[in-house]
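What's counted below: heavy atoms across the whole structure, side chains too, no hydrogens, waters or symmetry copies.
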Amino acid sequence: MNMIQNAKDQVLSLTLQAYQKAAAEGLLPEEVAVKPSVEIPKDTSNGDYTTTFCLAAAKALRKNPREVAQLLCERMELEGSYFTSVEIAGPGFLNFRLGSKWFADTVTCVEAEGEAYGSNEMLAGKKYMVEFVSANPTGPMHMGNARGGVLGDTLASVLQKSGAEVWREFYVNDAGNQIEKFAKSLEARYLQIIHGEEAVAFPEDGYQGDDIRELAKKFYEIHGEAYVNADEQARHDALAQFGLEHNIPKMKSDLARYGIQYDEWFFESSLHNSGYVADSVQALTEKGWTYEKDGALWLKTAEILRENLRKAGKKEEDIEKLDLKDDVLRRANGFYTYFAADIAYHRNKFAVRGFDKVINIWGADHHGHVARLKGAMDAMGLDGENRLDIVLMQLVKLVENGEVVRMSKRTGKAVSLTDLLDMVPVDACRYFFNAKPETQMEFDLGLAVREDSENPVYYVQYAHARICTLLKALAAEGHAVPAAADVDFALLTDDAELALIKQLAVYCEAVRLAAQNYDPSHINRYLIDLAAAFHKFYSACRIKGEEESVLCARLKLADTTRAVLAGGMALIGCRAPEKM
């Protein structure tokens, strides 16, 4: 239950009821085509909620806004509502003040809903897929994958919390040019072990990492020189398969250590082997969206995009200025391109598996691919413009003592996800990387391991642990956390108490906005604010030693805060420790 929305709805209802009374008395017209806007003012000293209804309606009513406001105030029936008073402010605002019923109902709601608190039905009945990380299985995962992993996993969680049926997927690029390059790189290192590095040239565009040397060495230790004189394609296939069989389980174990589990690891090779790539390209041909040139088959990407831009209202002269180009789907040698496979993969998501919405988490360097893939789905008749969403995330800089870190101290190589998790706790990694996707971020290694209030994840976890310690101490003195029904919430009148309860109510809004905006960092910011509100409450309002009724009310408020902190931390994949 969203208590903030409930309060807004009640302001709307009370205002309209007061208007209807004034209209029944002949003081205002029977109908006015204005729906009150209800907001929480930045400065709540004059009220907790405000509506601009009188200002908006004044012109239509041909009356002064304050005159309308006065008529409504005189007819406002607040008894039994969440509000204790309504006042006129400024040119005609109506300001409402919350009463103890709303504060009591908020705490009661958290208790009643338990782990489900913060949930909403915004996406109920919708089937969503979130595809994220999808790193090439040709080498170790890097910082971008670390960030994309948390953003995708947490986004999936807030979408679930908002009612959607969510599927998490990793797309394994185990076919195409990058796998052939992978095989050739392994082949060169394998043959160098046997013939010497001077005797075997390494491919100019090959993968240079030490991981390739290590894989080739392992392959040699198992197979010796058995593949030296083998057919080249057979050697490539064996090396690529060997490499994938080592790399993919390592990716799975690293991501599991990072707290990420997928519903499916979907293999690109399955699309080729089943003929679905060829079938998808044929479907585009049958719809008239392809043509042959220089022995290759091309997609009319430019024409598709021009048509979409025209539908969006883009001017013709502006469209012509864009450097729109067509894409190759099948090369002259008969091999399908990565783009063709990507089209088939996304067609599979919509046409075969029936997802209502597909969300991909990509690096910002893929921005040029967004419109092309959406356009291809449109050309398929799958409404890519509305059903396919791409979240582009910016780069990550690893920083220590003000200096950019590019190499791992342990290995002397580029910092991988494995290296990062060896240096920094998983909770800190997940919290830090769950930042606003479109902003570049600096991951401060020193800050991530600090155990003080400067470290945001420590600050939030400490608030939770502090409450647990308090509960344990009070339990030892015979004070159990009471049920909400046994608490007199009217005793909670201190500003810090009321501010903390208001912050508890904000959680529902934070979840909703995180899902609506594809920005799970709303949860991070919320948790910081909730922890701050608790620390302020704890400093301002004594619990131990107070009269029993006050002690119980404050104890219940502290435990309710603990529950919401734990729920929010679970949502972003972080622990809520009971002691620190």
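A distance-only check finds a donor-acceptor pair linking the side chain of Ser253 to the backbone of Lys250 [under 3.5 Å]. With His464 contributing its side chain and Val460 its backbone, the two residues share no donor-acceptor pair below 3.5 Å. Checked by atom type and distance alone, the side chain of Tyr431 pairs as donor or acceptor with a backbone atom of Asn524 at under 3.5 Å. Side-chain N or O atoms of Asn145 include one that pairs as donor or acceptor with a backbone N or O of His142 at under 3.5 Å. Between the side chain of Ser521 and the main chain of Ala435, no donor-acceptor pair closer than 3.5 Å is present. In terms of modelled atom types and a separation under 3.5 Å, the side chain of Arg168 and the main chain of Asp153 share a donor-acceptor contact. Between the side chain of Arg213 and the main chain of Tyr190, no donor-acceptor pair closer than 3.5 Å is present. Between the side chain of Asn360 and the backbone N or O of Trp362 there is no donor-acceptor pair closer than 3.5 Å. At least one donor-acceptor pair closer than 3.5 Å links the side chain of Thr337 to the backbone N or O of Val328. For the pair Asn455 (side chain) and Ala448 (backbone), a donor-acceptor distance under 3.5 Å is present.
Looking at every heavy atom in both residues, Tyr262 comes nearest to Phe132 through OH-O, 3.1 Å. Shown here for Ser269 and Asp174, the closest heavy-atom pair between the two residues is OG-OD2, 2.5 Å. The minimum heavy-atom distance between Leu329 and Ile343, with the atom names listed, is CD2-CD1, 3.8 Å. Nearest heavy-atom pair across Tyr207 and Ser185 is N-OG, 2.9 Å.
Heavy atoms from other residues, nucleotides or ligands lying under 6.0 Å from CZ of Phe335 number 12 at most. Shown here is Lys126, whose NZ atom has no more than 12 heavy atoms of other residues, nucleotides or ligands within 6.0 Å. Atom CD of Gln233 has more than 12 heavy atoms from other residues, nucleotides or ligands within 6.0 Å. The environment of Gln5 atom CD is dense: over 12 non-hydrogen atoms of other residues, nucleotides or ligands sit within 6.0 angstrom. Counting heavy atoms of neighbouring residues, nucleotides and ligands inside a 6.0 Å radius, atom CE of Met441 exceeds 12 of them.
Look at Arg512 and Glu509 and you find a salt bridge, because one of the NZ, NE, NH1 or NH2 atoms lies within 4.0 Å of a carboxylate O, short of that distance. Residues Asp205 and Lys184 are not paired through a salt bridge, judged by the lack of any N-O separation under 4.0 Å between the basic side chain and the carboxylate. With respect to the salt-bridge test (charged N to carboxylate O, under 4.0 angstrom), the residues Glu115 and Lys161 do not qualify. Between Asp422 and Arg257 there is a salt bridge, since a side-chain N of the basic residue sits under 4.0 Å from a carboxylate O of the acidic one.
The side chain to side chain contact (heavy atoms under 4.5 Å, CB included) search around Asp318 returns Lys314, Lys315, Lys321, not counting sequence neighbours. For Ala332, the side chain to side chain contact (heavy atoms under 4.5 Å, CB included) test picks out no residue, with sequence neighbours left out. Qualifying side chain to side chain contact (heavy atoms under 4.5 Å, CB included) partners for Leu513, counting only residues two or more places apart in sequence or in other chains: Gln516, Asn517, His522. Here Lys436 pairs with Asp519 under the side chain to side chain donor-acceptor pair (under 3.5 Å) rule; sequence neighbours left out. Here Glu268 pairs with nothing under the salt bridge (charged side-chain N to carboxylate O under 4.0 Å, His left out) rule; sequence neighbours left out. Evaluation of the salt bridge (charged side-chain N to carboxylate O under 4.0 Å, His left out) rule for Lys325 yields Asp323 as partners, not counting sequence neighbours. Checked against salt bridge (charged side-chain N to carboxylate O under 4.0 Å, His left out), Glu307 has the following partners two or more places apart in sequence or in another chain: Lys311. Listed by chain and residue number, nothing satisfies the salt bridge (charged side-chain N to carboxylate O under 4.0 Å, His left out) test with Lys293 (two or more places apart in sequence, or in another chain). In this view, Asn136 and Thr138, Asn173, Gln178 satisfy the side chain to side chain contact (heavy atoms under 4.5 Å, CB included) rule, not counting sequence neighbours. Residues meeting the side chain to side chain donor-acceptor pair (under 3.5 Å) test with Arg310, sequence neighbours left out: Glu316.
Counting only N and O atoms by type, the side chains of Asp383 and Asn386 include a donor and acceptor under 3.5 Å apart. Of the N and O atoms on the side chains of Tyr338 and Asn177, not one donor lies less than 3.5 Å from an acceptor on the other residue. Counted by atom type alone, Asn2 and Asn120 present zero donor-acceptor pairs between their side chains at under 3.5 Å. No side-chain N or O of Thr561 forms a donor-acceptor pair with one of Arg466 less than 3.5 Å apart. No side-chain N or O of Asp326 forms a donor-acceptor pair with one of Thr301 less than 3.5 Å apart.
Note on ring orientation: taking the six-membered ring where Trp is involved, the planes of Phe433 and Tyr258 are perpendicular (angle over 60°, cut-offs 30° and 60°).
Within the 4.5 Å cutoff, the side chain of Lys357 has no heavy atoms near those of the Met129 side chain. Looking at heavy atoms from C-beta onward, Val352 lies out of side-chain contact with Arg347 at the 4.5 angstrom threshold. Residues Trp167 and Arg353 form a side-chain contact, since some pair of their non-hydrogen atoms from C-beta on lies under 4.5 Å apart.
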- Check against side chain to side chain contact (heavy atoms under 4.5 Å, CB included), Val399 and Leu445: CA-CA 6 Å; Val399 176; Leu445 283 170; over 6 Å; no

Tabulate below the donor-acceptor pairs under 3.5 Å that side-chain atoms of residues 565-580 make, not counting sequence neighbours, or state none.
from, atom 1, to, atom 2, distance (Å)
Arg575, NE, Asp427, OD2, 2.8
Arg575, NH2, Asp427, OD2, 3.0

Pairs of donor and acceptor atoms involving the side chains of residues 367-377, under 3.5 Å and at least two apart or interchain, shall be tabulated with distances.
from, atom 1, to, atom 2, distance (Å)
His369, ND1, Arg372, NH1, 2.8
His369, NE2, Asp342, OD2, 2.9
Arg372, NE, Asp327, OD1, 3.2
Arg372, NE, Asp327, OD2, 3.2
Arg372, NH2, Asp327, OD1, 2.5
Lys374, NZ, Glu385, O, 3.3
Lys374, NZ, Leu388, O, 2.4

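Between the CD1 atom in Ile361 and the NE2 atom in His366 there is a gap of 13.0 Å [rounded to 0.5 Å]. In this structure, the separation between CG on Leu215 and CG on Leu239 is 9.5 Å, given to the nearest 0.5 Å. Distance check: Glu169 CD to Glu131 CD gives 6.5 Å after rounding to the nearest 0.5 Å.
Aromatic pair Phe355/Tyr128: centroids not less than 6.0 angstrom apart. Checked against a 6.0 Å centroid threshold, the rings of Phe266 and Phe170 do not count as neighbours.
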